[in-house]
Number of protein chains: 2
Amino acid sequence: MIETATRDPELTRTRILESAFALFVDKGYAAVSVRQIAERSDVTKSLIHHHFGGKEGLWDEVKKLAFAQYYEGQKQELDQAEQPGPELIMQAVTNYFEFLRDNPGVVRLFAWTHLEGDTSCSEMDGELVRLGAERVRQAQQAGLLRGDVNPTHVVTIFVNLCTQWFEARDHHGAWPGMGSDEEFLEDFLKVFMEGLLPRA
Amino acid sequence: MIETATRDPELTRTRILESAFALFVDKGYAAVSVRQIAERSDVTKSLIHHHFGGKEGLWDEVKKLAFAQYYEGQKQELDQAEQPGPELIMQAVTNYFEFLRDNPGVVRLFAWTHLEGDTSCSEMDGELVRLGAERVRQAQQAGLLRGDVNPTHVVTIFVNLCTQWFEARDHHGAWPGMGSDEEFLEDFLKVFMEGLLPRA
DNA sequence: AAGCTAATTGACCGGTCGGCCAGTTAGTGA
DNA sequence: TCACTAACTGGCCGACCGGTCAATTAGCTT
């Protein structure tokens, strides 16, 4: 069927959002101009203003969507919970690691956002960590994990580590002796999981 | 004694560099204008161009100085080496952690630089990691650390973790259950060091 | 004291920024 | 069919961008 190029505001919005996402991810908010986004999405600059109110509004929308994608993905993983224990922790780490690996744009957007001091996603992320920490606490009380470490710290350790691994990928990717994503994760899990076991 | 405001190009350079460092750290390269730097250092825009060739030249100089400070500090710590072993690793982690804590500007500058895809500091940092990994390898061969993990990965784990802890400080600083810098480091070391011991 | 060099200034350049606005056009519902 | 609304366009605005340049001035050398 032949699609006549009629007006489709929904598609227009999507095209703008996708272009903006790609450019913001690549260069950050300050280094991207509305003109570039317009050109990339084959749309006039005025139309962006019409749909999103301006550069700032578009930026907010891009962040909102990316963070929603992040939050829903992680929440879903956390909700389909098995019984708390080492295996669950290991699975959570692996899930988180693979999500970041498969969504490099989201990772970079997070990084830009942090540097700009935007804390709008802080509560959202805090909620996820709170849920994770609760699982760790349960496992500790069941005697499956060592009880002398702060559960929030445990979650933060692997969240931060995975985050930095992908944020600084270009930086340390070529260092001598550095393994692949999978090899690094495997080594980390070896050390981390062993260190989390109850004292003998 | 009364200091007459005579010409002092060295001081001028320093004042410009300090202002530029503060602004670049705060907002990143793209979001800072030469005019802002000039105003902050009480100097004309032309003078910046005279001393540093332009915005890019100044940016390069700021990065160069910050990274030199980083490199020298870390190299010095690494060179005054004891015998490789768990205690040395623990000391290296603590040193690195405290350096980042005491140099938040450098941390943020690193972060901006990474996002911009600048890999000029990659070799420098790789050299430090290489030295650290060598120590780990020695400890492994002496049977003091478990031998079934990649030494480069071991170093990367704590480097990345410390880095992300301070880069995302504002982000996770207010989460419920999150402890202080010292408490977090302590918990991490508990898990990390235990996980690095040879298998029983 | 004369002369040279480099630090320093202020005015100016072309270009780009984000935003605005009047006008045109395409769907949509009465 | 005839408004009415919203999508969409192009041109324009003042502000700011980084950079340049000629002119001034301070300090050093001889």
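Within every chain, numbering begins at 1; the chains are lettered A, B, ... in the order of the sequence lines, protein sequences first and strands thereafter. Quick caveat: nothing in here was measured; it's all calculated off a predicted structure.
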Touch class at under 4.0 angstrom, heavy-atom based, for B:His50 against every strand present: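 Counting heavy atoms under 4.0 Å across all strands, the contact made by B:His50 includes a base.
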
Touch class at under 4.0 angstrom, heavy-atom based, for B:Thr44 against every strand present: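 Base contact.
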
Heavy-atom neighbours of A:Glu123 CD exceed 12 at 6.0 Å: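 Buried by this count: over 12 neighbours within 6.0 Å.
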
Flag if over 12 foreign heavy atoms under 6.0 Å of CD, A:Gln83: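 At most 12 heavy atoms, drawn from other residues, nucleotides or ligands, come within 6.0 Å of this atom.
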
Spacing between [X] atom [atom1] and [N] atom [atom2], to the nearest angstrom:
| X | N | atom1 | atom2 | answer |
| --- | --- | --- | --- | --- |
| B:Glu56 | D:dT20 | CD | C1' | 17 Å |
| B:Gln36 | D:dA15 | CD | P | 17 Å |
| B:Arg35 | C:dT16 | CZ | C1' | 12 Å |
| B:Ile48 | D:dT20 | CD1 | P | 14 Å |
| B:His49 | C:dC13 | NE2 | C1' | 13 Å |
| B:Glu39 | C:dT9 | CD | C1' | 16 Å |
| A:Asp42 | D:dG10 | CG | P | 11 Å |
| A:Asp8 | C:dT28 | CG | P | 11 Å |

Salt bridge present between B:Glu116 and B:Lys63 (N-O < 4.0 angstrom):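 Answer for the salt bridge query: no.
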
Pair B:Arg13 + B:Glu61, salt bridge at N-O below 4.0 Å: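 Salt bridge: yes.
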
Hydrophobic cluster partners of B:Ile48 (side-chain heavy atoms under 4.5 Å):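 Grouped by the 4.5 Å side-chain rule, B:Ile16, B:Leu17, B:Phe21, B:Leu23, B:Phe24, B:Val25, B:Tyr29, B:Val32, B:Val34, B:Ile37, B:Val43, B:Leu47, B:Phe52, B:Leu58, B:Trp59, B:Val62, B:Leu65, B:Leu109 form the rest of the cluster around B:Ile48.
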
Proximity to the side chain of A:Leu47 - top-ranked nucleotide from C:dC17, D:dA7, D:dC17: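 Of all the options, the side chain of A:Leu47 is nearest to D:dA7.
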
Per B:Lys55 side chain, nearest of listed nucleotides D:dC8, C:dC20, D:dG18: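 When the side chain of B:Lys55 is considered, D:dG18 is the closest of D:dC8, C:dC20, D:dG18.
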
B:His51 side-chain N/O to C:dT8 phosphate OP1/OP2 under 4.0 Å: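 Result: yes.
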
Polar side-chain contact A:Arg7-C:dT25 base: donor and acceptor under 3.5 Å: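 Such a pair is found, so the answer is yes.
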
Side chain B:Ser46 and base D:dT20 donor-acceptor under 3.5 Å: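 In this structure, the two groups form a donor-acceptor pair.
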
